[in-house]
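Values in this document were obtained by computation on a predicted structure and should not be read as measured data.
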Protein chains: 2
Amino acid sequence: MAGTNYQPLDRRKVYEQIAGQLLDQIGTRRLKPGDVLPPERELTESFGVGRSSIREALRMLESQGVIAAATGGAFVVAEPANPLNSSLRLLFSLDERAGMHDLYELRRILECEAAFLAAERRADEHLEAMDTAVAEMEAALADGRGGERFIDADLRFHLAISEATGNRLVLHSMQAVRDVVRRALLTVVLIPRSPESAVVEHRAIRAAIADRDADRARQEMRAHLVRVERDVEQGVGSG
Amino acid sequence: MAGTNYQPLDRRKVYEQIAGQLLDQIGTRRLKPGDVLPPERELTESFGVGRSSIREALRMLESQGVIAAATGGAFVVAEPANPLNSSLRLLFSLDERAGMHDLYELRRILECEAAFLAAERRADEHLEAMDTAVAEMEAALADGRGGERFIDADLRFHLAISEATGNRLVLHSMQAVRDVVRRALLTVVLIPRSPESAVVEHRAIRAAIADRDADRARQEMRAHLVRVERDVEQGVGSG
DNA sequence: ATCGTTCCCCTTGTCGGACAAGCAGACGAG
DNA sequence: CTCGTCTGCTTGTCCGACAAGGGGAACGAT
């Protein structure tokens, strides 16, 4: 049965090939984030295909977050960050057996281990990033109406931790989980004394990471997340 | 500046609205996995829009893995599983700062904690699933030429574990990571004695989970993954 | 010279039509 | 019953067309 091994016989549709080629160019940095793509008609000529195919290819890349619509209708290469975000949200809304609790648990898994690794690998600059994030949280707290601002600072703190792990995939995964949790967190800010607790706990986490005490970092992170989850449940239950 | 809060002014493009509506129908199970979508022309009439818009909407859903092309060109609603897979692969190829090592580390984080949780929550049926998977691995091993088969059985074992956690998101995440790692694992099968070790280690993991010894389960899983990663590195280095 | 306005061109968004290719099921021959 | 063929439907792909909207050039006012 061996012998002549035939070509895989390129049955991929035109728009898929286009999308693939564009993706390659982005992957190899021949198209960098921020670059604007050529107009559709130009691509039409370059590839020698109809506009429909070009558009469908663009739609694929757009829905995957690789490119984004800019003003004036043109497309630009997006910052490499998102792909997981939308997918996780999609998955979460599609799989009815997945509940909020699953989300928190996944978050706990990722963040605890991230804290652990961060404690082992952090550089001083990461500590600084955490400090400014905590300071920003306090500022937002004193500011009063700082719901959004507080949450953003909180996010930056956790992001600084996963940044410190040096693992890009952990970073992206956390971002994705966080992105889905975000709405629920908006309620937790309204719970009395909850944000204050968060600041204290963040300091504890930061201290453990500064001491390079990985086990303590994981433990503090776990305590923090458990409390937040409990507060969210209460907040949802009562509010 | 507050006061009149205007409508978001539906500036969403037609194809986005179509995609959204279809996604809703899938999310609410009015369209179940396996169902075939109506032909494009029919959708054209239903929505009262041009075929291009329909096609672009379909392309978005297709590239997100929500629907898949079936034979005869028709589209069917896909099994809810994939969205993370393609995204992670995409992310991995796009973020040049992410290396294989990051991937293994993420896998280790997920699988170790999954093993931990599985030990606490497993039912007997999960143990059975693991047993059949291990048996299948041995069969594939005895069979000789069982590269694919061995890996599939291996996957089923790990899947059974995350199934036992009861956390759908953990399950999906693991699947996604696993999907990207898959190619690398194909090399590990060729390494002498590596598959045999895997069987032994799987048994140890299974035993710990059966004993509901969560800490031991995590530890065994970690040992297993560390060895596999080392073997892969050697395999790539030497072969 | 700088600023504001106007107008034109280009681009996208969207529609409709057209045709080849592929697949499925019907239909008839053996 | 099995096989080959034929027909009809559907997608894949191209083309042409038009409205809407933005950007920038040209132009006029200060």
*With nearest nucleotides of DNA chain C determined for B:Arg41 and B:Val49 from heavy-atom distances, which residue corresponds to the more 5′ nucleotide?*
B:Val49
*Starting at the 5' end of DNA chain D and moving along, which residue's nearest nucleotide shows up first, A:Gly48 or B:Pro38?*
B:Pro38
*Does a nitrogen or oxygen in the side chain of A:Ser53 sit under 4.0 Å from OP1 or OP2 of D:dC14?*
yes
*Once you round it to whole Å, what is the distance between C1' of D:dA20 and CZ of B:Arg12?*
19 Å
*With no hydrogens and no angle check, is any side-chain donor or acceptor of B:Asp35 less than 3.5 Å from a backbone partner on B:Lys32?*
yes
*Starting at atom CG of B:Leu43, determine the distance to atom P of C:dC15, rounded to an integer number of angstrom.*
13 Å
*asked:* Run the salt bridge (charged side-chain N to carboxylate O under 4.0 Å, His left out) test on B:Glu62 and B:Arg59 for me, step by step, so that the C-alpha distance in whole Å, both residues' side-chain angles and the decisive distance to 0.1 Å come before the verdict.
replied: CA-CA 5 Å; B:Glu62 184 190 19; B:Arg59 225 79 301 142; 3.1 Å; yes
*Is the base of C:dG17 touched by the side chain of B:Arg51 through a donor-acceptor pair closer than 3.5 angstrom?*
no
_Rounding to an integer number of Å, can you tell me how far A:Gln17 CD sits from D:dT13 P?_
8 Å
*NZ of A:Lys13 versus P of D:dC14: gap in Å, rounded?*
14 Å
*When the distance from CD of B:Glu40 to P of D:dT13 is rounded to whole Å, what number comes out?*
11 Å
*Which whole-number value in Å describes the distance from B:Tyr15 OH to C:dT12 C1'?*
9 Å
*Specify the separation, in whole Å, of atom CZ of A:Arg55 and atom C1' of D:dC15.*
15 Å
_Closest-nucleotide mapping onto DNA chain C: is A:Pro39 or A:Ser52 further toward the 5' terminus? I mean the 5' end._
A:Pro39
*Mind calculating the distance between CD (B:Glu16) and P (C:dT12) to the nearest angstrom?*
15 Å
*What class does the angle between the rings of A:His202 and A:His158 fall in, given that below 30° is parallel, 30 to 60° is tilted and above 60° is perpendicular?*
perpendicular
*asked:* For A:Arg107, is there an ion pair with A:Asp102 - N to carboxylate O distance below 4.0 angstrom?
replied: no
